[in-house]
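Below is one structure, written out as structure tokens; comments come after it.
All chains are named by letter (A, B, ...) in the order of the sequence lines, taking the proteins before the strands, and each is independently numbered beginning at 1. This is a predicted model, so every value here is computed, not measured.
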Amino acid sequence: MTPRVGVITFPGSLDDKDAARAVRIAGADSVALWHADADLHSVDAVVLPGGFSYGDYLRCGAIAKFAPVMEKLVDAANGGLPILGICNGFQVLTESHLLPGALTRNDHLHFICRDQKLRIENNTSAWTSDFNVGDEILIPLKNGEGGYVADEKTLDELEGEGRVIARYLEINPNGSRRDIAGITNSRGNVVGIMPHPEHAVETLTGPTTDGLGFFSSLLKSLVNDGKVSA
Amino acid sequence: MAIVVVDVALKPEILDPQGRAIVSALGRVGLSGVADVRQGKQFVLTIDGEIDDAKLAQINEIASTLLSNPVIEDFTVQVRR
Amino acid sequence: MAIVVVDVALKPEILDPQGRAIVSALGRVGLSGVADVRQGKQFVLTIDGEIDDAKLAQINEIASTLLSNPVIEDFTVQVRR
Amino acid sequence: MSVDKVSDAISSPDESQPFAELGLKKDEYESIRGILGRRPTSSELAMYSVMWSEHCSYKSSKVHLRQFGTKVPKNNSMLVGIGENAGVVDIGQGWAVTFKVESHNHPSYVEPYQGAATGIGGIVRDIISMGARPVAVMDPLRFGDPENPDTRRVLTGIVSGIGGYGNCLGLPNIGGEIVFDPSYQGNPLVNALCVGTMKHEDIHLAKATGIGNAVILYGARTGGDGIGGVSVLASETFDADGPAKRPSVQVGDPFMEKLLIECTLEVLHGGLVEGIQDLGGAGISCATSELASNGEGGMHVWLDRVLLRDSTLSPEEILMSESQERMCAVVEPAKIDAFMAVCKKWDVEAVVIGEVNNSGRLTVESHGEQIVDVPPRSVAHDGPVYERPYARPDWMDVRQASGPENLVRPSSAAQVKQTWLTMTGTPNLASKSWVTSQYDRYVMGNTILAQPEDSGMIRVDEKTGLGVAVSTDCNARFAALDPYKGAQLALAESYRNVAVTGAKPLAVTNCLNFGSPEDPAVMWQFEQAVTGLADACLEMGTPVTGGNVSFYNQTGEVAIHPTPVIGVLGVIQNVERRTPMAWGLDGEFVYVLGTTRDELAGSEWAHAIHNHLGGLPPVLDLNAEMTLAEILVAGSREGFFSAAHDVSEGGIAQTTAEMAMRSGIGVRLDVPAGLDAFTFLWSESATRAVVVVPQNQNDAFLTLCQSKSFPVTKIGSVDSSIKSIELTGVFGETISLAIDELRVISEETLPRLFG
Ligand SMILES: Nc1ncnc2c1ncn2[C@@H]1O[C@H](COP(=O)(O)OP(=O)(O)O)[C@@H](O)[C@H]1O
Ligand SMILES: [Mg+2]
């Protein structure tokens, strides 16, 4: 059976169609999930897409965490469901305390859209298993509040447990502590990443197809976990 | 050393989309009875030395030109001791 | 009707790039002696009815979950009369 | 508060009214009295004053704009023409595209962030109101002297406003322009373009049809912002007036606009809407009068039902308010519930404010009192029309006579190299990535090309690869030297930029930014530019589908350079065939298509090196331009090109430098016989492009050029073993420019000025 990957749309989500497209290109079915519908419709994984949920007024991701679907999502995350938060989705995950730390205003104060080089640091999470540690990939980054911060203890913990999944290379585009571009929870099912893998899945529209690795990783982990058959 | 606090608020007649978003969010999380929310900015300035009238005038000038946009915002300056 | 003001500030150990940018801009426009600027947010809530302890507790709850992010921010709540 | 009722207007016919303060002339006021057969109520006066303002009524430009309707080329792709919110063009396979450019110049000077942000918001609503999904935005911008401190305030505010609004809305920014010239110092230009796509059957018009149908106002609440903004802000100049006299600005809410897009498309696709109109300038006055006069001819409005942000607003203010992010829909009574349900789903407030009838009147009541009773057409369409005097100013003779012939040109290889390095870093030629990296170009996942490519390109249909390319251009210095030719050169450049990417140019939009129409010299520039554009569009077969006029762009008595910004839209059958600007492989041949003449008047070299503006702009042969485009489009389709790039500001030097910087691969070039190095490098002759041809396509490419008798000159070949531009034949010597050095110079200018 083809895996079914849910993509949540909040009011103000922008990259939901793109995330769904990436899911399809990777070979899964995409299932649209609606913020106000407290039901995950038995999907095998969930993507929280980029954008400006609720306008990102107040703080990025702060209002989205109160959406009805989020309560279900938090339970599912604790139950091991693979969840990928991209950009605004990452912000929602930290606001919901599914991932530690917070994302703050870029140190240079500007929104920045650029093709960003990353180094993959972890290939054991549900969303990075198809990479090798040390792989260098190039995918778009676009955010105004992408500076990853956490206290030193948390940062040390993330490093110590190998939970930094990707780091910025060449340029730290937003002042993230320790060049962190993405992290995972200790179980490895919940991943947050600031750059946009879903914008690097076709040569025509992205700088590379390096982003596909995140989605193919998911498919691989679902097979490995016996969630779906190969 | 002195601390000066400059509060900047949107003029009452100007739309505050952030405040509006918060009002609806409050409704969703179950705090009723909030009629309105306005979101402003607060600048906390740490100033070397004492604050005299000349310095205060200068800070007022800065508040009205750099820290706020008089076309859409009002501000207040307070010295915190 | 009551007015409740919630001030939200970045924790002291968190870098405030906006505040830093303001310090350098102040230098450019000739206000010297500003050692530091921190930019925070101010929420002005208009509440129906009177503020009692229960309501205040509720507002504190909101301030710590919705209006601020305890990972990076501190807040204060004041009732303005 | 007592309102001025229709009955009051009848009973107190002689009451004096503040028409002049509202921007109406005495004779305009008299003609309102004539239309109504009595004095207007204060609400009626408010409506007429905003709707008869220059911005809304086009009273000074109408007589000239008519040419766009009379000189219409044979082109059966136009589905909806001028007069609607935006024109609609058929691009085949059942798809249609709508696009339009609009100005938000004056508000952006007063409050750069919000002015620019609401400029994007306004044009996007025009596109949604046609039934299309907005798919991209572009932002042609003009600023004053880059070294002037106020330019920093204006530019940084405008750029963050465009980014802040557009990024939050989820529309990729695929291009635009950033031009610096002192003539824009006190009057920057913020033009915003939006492109939308739809299936033919989804086209909607602003018409209130169906007697008994409901008029629904939805979106943001109505507040006190921008009252009088349209007539005052957009029609007056800023001179001595201090901040106190500045009218209140509008604040944009991009999140609400995003909800409005989704909500509107859902009600349109659900078949719930008979007619639709965005609220822009003149707010409810404009929407109700236009809907009524385009439909059954009558409408009744209950003004007290309008949801307010500020309960103290008077009826006049409600009618005039320019609160953003609002739309108006005409809905059959049986469908109101379904319409409201969609609004609720998207958290969008909506309320029935009126009803369509066939009374021939637009009537408005507030709390049971009749406050407006007017023929809607008289408000929306039959405003005053001025035949403003215009005359070619005498100073044009002096300007055109003082050409660039005597300017000192580089006369040694070393000077040529130095000039090249200097030119690469001028604010007009330098890399704009400091600005464009603040805009999201990836969102929606259909961006095929974006800045710094010649045009933005969007994939319309993922299955077939059908796409559109859009470019906006205007060299205002050319227009200052000759407004007729300048407008045509702007069209030609935009047309070429579309063709260079492989798309076939199809239709035109424009934003005509000029000084005061009350100045006969400005009015002459305007008349010339419109005539030039209309003539050229007729000849090139690309109809004008819509646009916008912005007058009073001046500081004191000094007008900006006439700036007719021209947007061209083209179609490409398969975006996989697009031609990028970066060359790829070793040994590919580099050609210049077109003829290089000694044409430096109005050039960036004359401007940047000598601060000179005089002479006559480059000659333009529209037929040659069309032939060039045919070659570029055919070459893209046949696979003749690995890269192509238009030659314009900064000449071939700039074109080849940009191609090299984009690809990072070196090139060996040779100054062709019959040209001196300077002219070859910096002339701005029109109708040229640099193309890069793989060796195995060389013969076929040359045969194509020959069959069209189009001049083509080989200037060199790509050399992947070097990381530089090597140019031989420069006063007998070879010069070498390292790509990395060029890139540093190009990239550092804007951050140095504004970072
Ligand atoms: N320079 C122009 N060229 C062609 N059409 C124009 C021009 N200026 C305005 N128009 C057309 O006139 C009509 C009215 O314009 P406008 O009032 O700006 O529309 P809207 O209110 O929808 O923004 C539109 O159809 C517009 O495209
Ligand atoms: Mg319109």
- If you measure from OH on Y57(A) to CZ on R20(B), what distance do you get to the nearest 0.5 Å? 8.0 Å
- Message: As an exercise: rank P17(B), G19(B), A25(B) by heavy-atom pairs under 4.5 Å with chain A and give me the winner.
- Response: P17(B)
Please check if atom [atom1] in [X] has more than 12 non-hydrogen atoms from other residues, nucleotides or ligands closer than 6.0 Å.
| X | atom1 | answer |
| --- | --- | --- |
| K55(B) | NZ | yes |
| E157(A) | CD | yes |
| D53(B) | CG | no |

Under 4.5 Å, heavy atom to heavy atom: which of [range] reach chain B? Give them by number, or say none.
| range | value |
| --- | --- |
| residues 61-69 of chain A | I63(A), F66(A) |
| residues 87-101 of chain A | none |
| residues 174-197 of chain A | none |

- Message: For D16(A), give me all partners under salt bridge (charged side-chain N to carboxylate O under 4.0 Å, His left out), at least two apart in sequence or on another chain.
- Response: none
